[in-house]
2 protein chains.
Amino acid sequence: MRQRPDGRPQNGRSTRTKRHLDQFDRAILRILQNDSRTSQRMIAESVHLSPAAVQRRISAMENSGIIEANVAIVAPDAVQSSITIIVEVHLQNDRAATIEPMKALFNATPEVQQCYYVTGNGGFFLVMLVPDMKRYEHLSRTLFSENSFVDTFRTLVVLDRVKTGLGIVIPDF
Amino acid sequence: MRQRPDGRPQNGRSTRTKRHLDQFDRAILRILQNDSRTSQRMIAESVHLSPAAVQRRISAMENSGIIEANVAIVAPDAVQSSITIIVEVHLQNDRAATIEPMKALFNATPEVQQCYYVTGNGGFFLVMLVPDMKRYEHLSRTLFSENSFVDTFRTLVVLDRVKTGLGIVIPDF
DNA sequence: AATGAAAAACTACACTA
DNA sequence: TAGTGTAGTTTTTCATT
């Protein structure tokens, strides 16, 4: 049976990885990253493809994990007044037995919006969102002060969320 | 012409404030924050309302800005291998004439995913996403080294994006 | 790539607390 | 008056050719 040049079977359901994103895929991603409710018809018009083609490409990218999720961005202060806090955490050491439990802890704490493990002196950076300082004081006690893995931590209160977003730069080629 | 007690015109498109979010609104937000493509029928079932009621509440929350946007989350490394970098920037002073241009600069730089202005010695925290260190070196020169508003800056390379997300805690009452 | 069926989103209207 | 459910219309999504 004849095969395609790339070796995949002709009818192959490539539920896994998608080899390479072409111009069209990138253009679609740029749109959905801004507004995931844009109709396939409008996307099609904008990228010069048929709605069906757009639809296939979107499902392919969803199946292959290129599109991780579609989410609503909720304005924090519309729901409840809140304070954003950045925390720099330094651990006693950078062994896996220390790092892994901390990752699990931060993952399990809903007030921790984001957590990054960074180079250098065994450190995490956290972006937290709490209703008030009382709540943060309480959280910081359990998460940091009374945590034997933690050496030191530094708390920075955010005065202005100048730019928030997870949108990435999608290159032209 | 008769006006409503709150001064808005009778047919006024109440694009502004929604009084208070009730249990239903919160339940809807919790769902959409995880998956904005959940159908109104399913949401309705889950929160015990009619699909039409769900639809009205969603539009109201979109119009009033409680739902800021619906976006697709794109896996950065699926599009292009990339490095996440956290930068702590200290300014020469904390006057508006210094801060405002910096905010504008960071807003205009697509590689800057997030920017927070924090308390203390006139500082910003940035989360940046770049294709490689060469690109970061170039960006850091224009953004920081050669920028007269900037006093010092500290670069931290992210080894693990442990948790990334903008989801907020929506309280029960 | 185009067509048509299925599903979802939206609108109008009458009703209720 | 604000908000609901029912039912009907339009739009979008999706599978088939």
Side-chain angles (χ1 to χ4, degrees), chain A residues 4 9-15 18 21-25 27-74 78-79, chain B residues 1-74 170 173:
Chain A
R4 294 164 36 147
Q10 280 182 296
N11 68 341
R13 316 234 319 81
S14 68
T15 333
K18 190 168 203 292
L21 300 175
D22 63 16
Q23 288 285 41
F24 292 117
D25 292 318
I28 292 168
L29 285 179
R30 275 190 216 100
I31 293 169
L32 292 180
Q33 193 171 232
N34 270 8
D35 181 3
S36 61
R37 303 257 256 220
T38 313
S39 75
Q40 297 171 355
R41 198 194 104 267
M42 287 212 288
I43 297 171
E45 211 169 280
S46 158
V47 305
H48 306 295
L49 230 55
S50 75
V54 170
Q55 130 106 339
R56 273 188 305 263
R57 283 163 181 270
I58 292 174
S59 9
M61 291 193 285
E62 279 172 352
N63 290 334
S64 67
I66 290 163
I67 295 175
E68 290 183 341
N70 291 282
V71 302
I73 304 298
V74 179
V79 174
Chain B
M1 183 186 278
R2 236 169 61 78
Q3 293 245 322
R4 296 165 35 147
D6 61 7
R8 279 184 297 173
Q10 277 181 297
N11 66 344
R13 314 229 323 78
S14 70
T15 359
R16 277 316 90 181
T17 50
K18 188 170 204 285
R19 298 279 181 289
H20 196 65
L21 298 177
D22 62 16
Q23 289 284 40
F24 291 118
D25 292 317
R26 292 173 204 275
I28 292 168
L29 285 180
R30 274 190 217 102
I31 293 169
L32 293 180
Q33 194 172 231
N34 269 13
D35 182 3
S36 61
R37 301 258 256 221
T38 313
S39 75
Q40 297 171 354
R41 197 192 110 268
M42 286 212 288
I43 297 171
E45 212 169 277
S46 158
V47 305
H48 307 295
L49 270 169
S50 74
V54 170
Q55 138 84 2
R56 279 187 294 261
R57 282 165 181 269
I58 292 174
S59 323
M61 291 193 285
E62 279 173 350
N63 290 334
S64 66
I66 290 163
I67 294 175
E68 289 182 343
N70 292 283
V71 301
I73 304 298
V74 178
I170 297 171
F173 55 93

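In the text below, chain A, chain B and the rest are named by the order of the sequence lines, each starting its count at 1.
Minimum interatomic distance between B:Ile170 and B:Gln33 (heavy atoms only, all atoms of both residues): CD1-NE2, 4.0 Å. Here the closest non-hydrogen pair linking A:Ala44 and A:Pro51 is CB-N, 3.5 Å. Pairing each heavy atom of B:Val47 with each of B:Phe24, the nearest pair is O-CE2, 3.3 Å.
Look at CD1 on B:Ile58: it is 10 Å from C1' on C:dA9, rounded to the nearest Å. Counting to the nearest Å, the P atom of D:dA2 and the CG atom of B:Leu21 are 17 Å from each other. The CZ-C1' distance, from A:Arg37 to C:dA8, rounds to 11 Å in whole Å. B:Asp22 places its CG atom 12 Å from the C1' atom of D:dA2, with the value rounded to the nearest Å. The CD atom of B:Gln55 sits 16 Å away from the P atom of D:dT6 (whole-angstrom rounding).
Taking 4.5 Å as the limit, every side-chain heavy atom of B:Leu32 sits out of range of all side-chain heavy atoms of B:Met61. Residues A:Ile31 and A:Met42 are not in side-chain contact: their nearest non-hydrogen atoms beyond the backbone lie 4.5 Å or more apart. Considering only heavy atoms from C-beta on, B:Arg57 stays 4.5 Å or farther from B:Ile66 through its side chain.
Panel note: side chain A:Ser64, backbone A:Ala60; a donor-acceptor pair is recorded below 3.5 Å.
Screening residues 34-44 of chain A for side-chain hydrogen bond (donor to acceptor under 3.5 Å, both in side chains), with sequence neighbours left out, gives A:Arg37-B:Glu62, A:Gln40-A:Gln55.
Expressed to the nearest 0.5 Å, how far CG of B:Leu29 lies from CD1 of B:Ile43 amounts to 10.0 Å. Interatomic distance, CD1 of A:Ile58 versus CG of A:Asp25, reported as 10.0 Å (0.5 Å rounding).
Taking a 4.0 Å limit (strictly below) on heavy-atom distances, residues 40-48 of chain A reaches DNA chain D at A:Gln40, A:Arg41.
Remark: A:Arg30 pairs with A:Asp172 by the side-chain hydrogen bond (donor to acceptor under 3.5 Å, both in side chains) rule, at least two apart or across chains.
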With 3.5 Å as the limit, what N/O pairs link the protein to nucleotides 1-4 of chain C?
from	atom 1	to	atom 2	distance (Å)
C:dA1	OP2	A:Ser50	N	3.4
C:dA1	OP2	A:Ser50	OG	2.9

At a cut-off of 3.5 Å, list every protein nitrogen or oxygen paired with a nitrogen or oxygen from nucleotides 15-17 of chain C, distance to 0.1 Å.
none

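Summary for the helix from C:dA1-D:dT17 to C:dA17-D:dT1: the axes at its two ends, each from 5 pairs, differ by 30° when rounded to the nearest 10 degrees.
Nearest nucleotide to the side chain of B:Arg57, out of D:dT13, C:dA8, D:dT4: D:dT4.
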